[in-house]
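The following block contains the structure, expressed as C-alpha cells.
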Amino acid sequence: MNWNQTFHPARLEERLENNVVRCHLSPRNCRIRDGQHGFCGVRANRGGRLVSLNYGKSVHATEETIETEAVNHFGPGERILSMGNIGCMMNCSYCHNWKTSQARYVSDKDVYYYSPEDVVDMAIRHGIRVISWTYNDPVVWHEFILDTAKLAQEQGLINLYKSAFYITEEAIGELLPVIDIFSISLKSMDPEYYRKITKGRLEPVLDGIKQVYKAGKHVELSTLMITDISDNEKSARDVAEWILEELDPNIPTHFVRFHPDYKMRDTVRTPIPRLMRAREVGLEMGLEHVYLGNVYDTKWSNTYCNGCSAELVTRYGLNARITGLDPRGHCSGCGRDAHFKLLPKHESAITTIDEPLDGLEVKSLEWHGDIRSAHAQLLNKSSETVSIYHRRRHSDCEVEPWKVINLLPSESYRFILAKGSATEIGPEVAMPAVVTSNLHEVFDRAHFPTISIEEEGIQMNDISPLPIFSTRTLPVVS
Ligand code: SF4
C-alpha cells in the first residue's frame with residue numbers, strides 16, 4: 001500500500017461551500033476541492049474534510065546531537081531523537097532533503113510508521129532527553145507533533161522544532177504550549193528571494209519568529225549562504241539588522257555553508273572566506289553569538305566569553321563539549337552571562353566498554369572529502385535483546401572505548417556517527433550476526449540520506465547524489 005492511502009483528521013480546517021476546504025496551517029491557505037491535496041502534497045480533502053496524509057508516517061527516527069539542528073546554546077552536546085516526515089509547505093531550489101520534502105518523490109521504502117507512544121518510548125529507552133522535529137519540515141506534521149510532543153512533555157522530555165517556519169500565527173499558537181526550542185531558518189531578508197527560491201513569502205516567517213521570541217522560547221536563527229546568491233555582506237547585514245531591531249543581540253545566529261543539491265547543482269560550496277566575513281559583519285553590528293555552520297576545522301564554531309575571551313564550549317562539527325561554563329550558563333572565569341540553557345548531568349545515558357565480545361562483525365567507514373558524518377541503521381532480527389557497539393578511530397593511535405547501544409527484539413535503530421576531531425579517521429560499528437546494518441553518508445547537518453553506501457557505494461565528492469525524478473504524480477493541486 002502507498003504511504004498516502006490512509007489519512008487522519010486535520011486541524012486548522014475551514015469548511016467552505018461545495019465540499020471545499022481551506023487549510024490554515026501554512027500561509028498558503030490552500031483551497032482544496034474534494035479528492036485533491038494542497039501544495040505540500042500531504043494535506044488533502046477527503047469527502048469535504050481536511051485530512052493529514054502523513055500522520056505517524058516518518059523517515060527513520062535518528063539519534064543525533066543537538067548541534068545537528070543549529071542549536072548551540074541549549075544543552076551543548078545533548079543527544080536528540082530526530083523525527084522527520086514527508087512533504088513541505090515550501091519548495092526551495094537547493095533543498096538537501098528533497099527526496100522526502102517533495103511528496104511526489106517519496107518512496108514507500110523510506111516511510112516508517114510510528115505512534116506517539118513509540119517515539120516517546122524510544123527516546124526514553126535510549127536515554128535521550130530531547131525530541132527534534134526536523135528534516136523536511138515539521139510544519140506539515142502538525143497533528144502528529146502536537147500529540148507526540150504533549151506526551152513527551154508529560155514524560156519530562158524537551159521538544160525542539162527545526163523549521164523554515166512558513167506557518168500561520170494560529171498554528172504557532174498551538175505549538176507554543178509544547179515546544180521548548182525553536183531553531184528557525186531565516187533564509188534571507190529579501191522578499192524576492194523568498195518568492196523565487198523558496199516559493200514562500202518572507203513576512204509570515206518574520207512574524208512567526210517574533211511570535212515565538214515574544215513567547216519566551218529559546219530561539220536560534222540560521223541563514224544558508226548560497227554561493228553567489230546570498231553569501232554576501234549585505235545578506236549578513238540585513239539579517240543582523242533585523243535581529244537587532246526586532247529581537248535581541250543575544251539570539252545565537254548561524255551563517256551556514258551551502259552544498260549544491262536538488263535544482264541548484266551547477267555551482268560550488270560556499271567559499272569559507274565569505275562565511276567568515278558574514279560572521280564578522282554580524283559581530284561588528286552588535287550580535288553577541290555568531291557561528292559558522294557546516295564548517296569544520298575552525299575555531300569560530302566554538303563559544304568564547306565576550307567578557308574575558310575564555311573558551312566556554314568547544315565544538316567540532318556536530319560534537320560539543322563544555323569547557324568553561326558554570327551551571328548557570330555563565331563564564332566560569334569572569335561570571336559574564338553567555339546566554340546558555342544547560343541541562344542537569346545525565347550520567348546513565350551512555351554505557352561504554354573497552355573491548356566488545358569476540359566474534360562480532362565490524363564495519364568501518366573512513367571520512368573523506370566533505371563527508372564527516374554518517375547514519376548507521378541497524379536491525380535486530382532476533383527475538384533476544386542484543387548489544388551493538390561503536391567507536392571512533394584516530395590517526396594518532398588513540399583508542400576510545402566502545403559505546404554500547406541495546407536493541408530490543410526486532411528493533412530498528414538509526415544513529416549518527418560524526419567526526420569529532422581533526423585526528424579522527426572514521427568510525428567503526430561492531431554487531432552480532434543477528435543484526436543487519438546499513439551506513440548512509442550525510443551531506444551537512446540536518447540532512448536525512450535515503451540511499452545507503454551498500455546501495456550506491458562511497459561518494460568521492462562533496463556533491464550529493466543526482467536527483468532521480470520519479471514519473472509518479474499525485475492529483476493536481478487546486
Ligand atoms: S501547503 Fe499544505 S499546510 Fe500549507 S496551506 Fe496548503 S495544504 Fe495547508
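Just follow the structure's listing: the first ligand is 1, and inside any ligand the first atom is 1.
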Quick check with a 6.0 Å cut-off and a 45 degree axis cone: is R277 positioned over the face of F255's six-membered ring?
no
In terms of atom number and element, which parts of ligand 1 are under 4.0 angstrom from non-hydrogen atoms of G38?
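Numbered from 1, ligand 1 contributes 7 (S).
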Among protein heavy atoms, which lies nearest atom 6 (Fe) of ligand 1, and at what distance?
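Looking only at protein heavy atoms, the one closest to atom 6 (Fe) of ligand 1 is C30 SG, 2.3 Å.
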Check whether F7 forms a cation-pi arrangement with R43 (NZ or CZ under 6.0 Å from the six-membered ring centre, at most 45° off the ring normal).
no
Suppose we only count N/O/S atoms under 2.8 Å; would C40 qualify as near atom 6 (Fe) of ligand 1?
no
Atom 4 (Fe) of ligand 1 contact by S26, N, O or S atom under 2.8 Å
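A backbone or side-chain N, O or S atom of S26 is under 2.8 Å from atom 4 (Fe) of ligand 1.
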Atoms in ligand 1 with a heavy atom of N29 nearer than 4.0 Å
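This gives 5 (S) as the contact atoms.
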Does any non-hydrogen side-chain atom of I131 lie less than 4.5 Å from one of L160?
no
Contact atoms of ligand 1, heavy-atom distance to R28 under 4.0 Å:
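So the answer, numbered in order with elements, is 1 (S), 5 (S).
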What residue and heavy atom of the protein are closest to atom 3 (S) of ligand 1, and at what distance?
R43 CD, 3.5 Å
If you take all heavy atoms of V59 and Y135, which pair is closest and at what distance?
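Scanning both residues, the minimum pair turns out to be CG2-CD1, 3.9 Å.
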Hey, does the Lys NZ or Arg CZ of R372 hover above the aromatic six-ring of W367, less than 6.0 Å from the centre and inside 45° of the axis?
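No.
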Could you tell me, atom by atom, which parts of ligand 1 come under 4.0 Å of a heavy atom of C23?
3 (S), 5 (S), 7 (S), 8 (Fe)
Cation-pi check, R28 to F39: give yes when NZ or CZ is under 6.0 Å from the six-membered ring centre and within 45° of the ring axis, no otherwise.
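The answer is yes; both the distance and angle limits are met.
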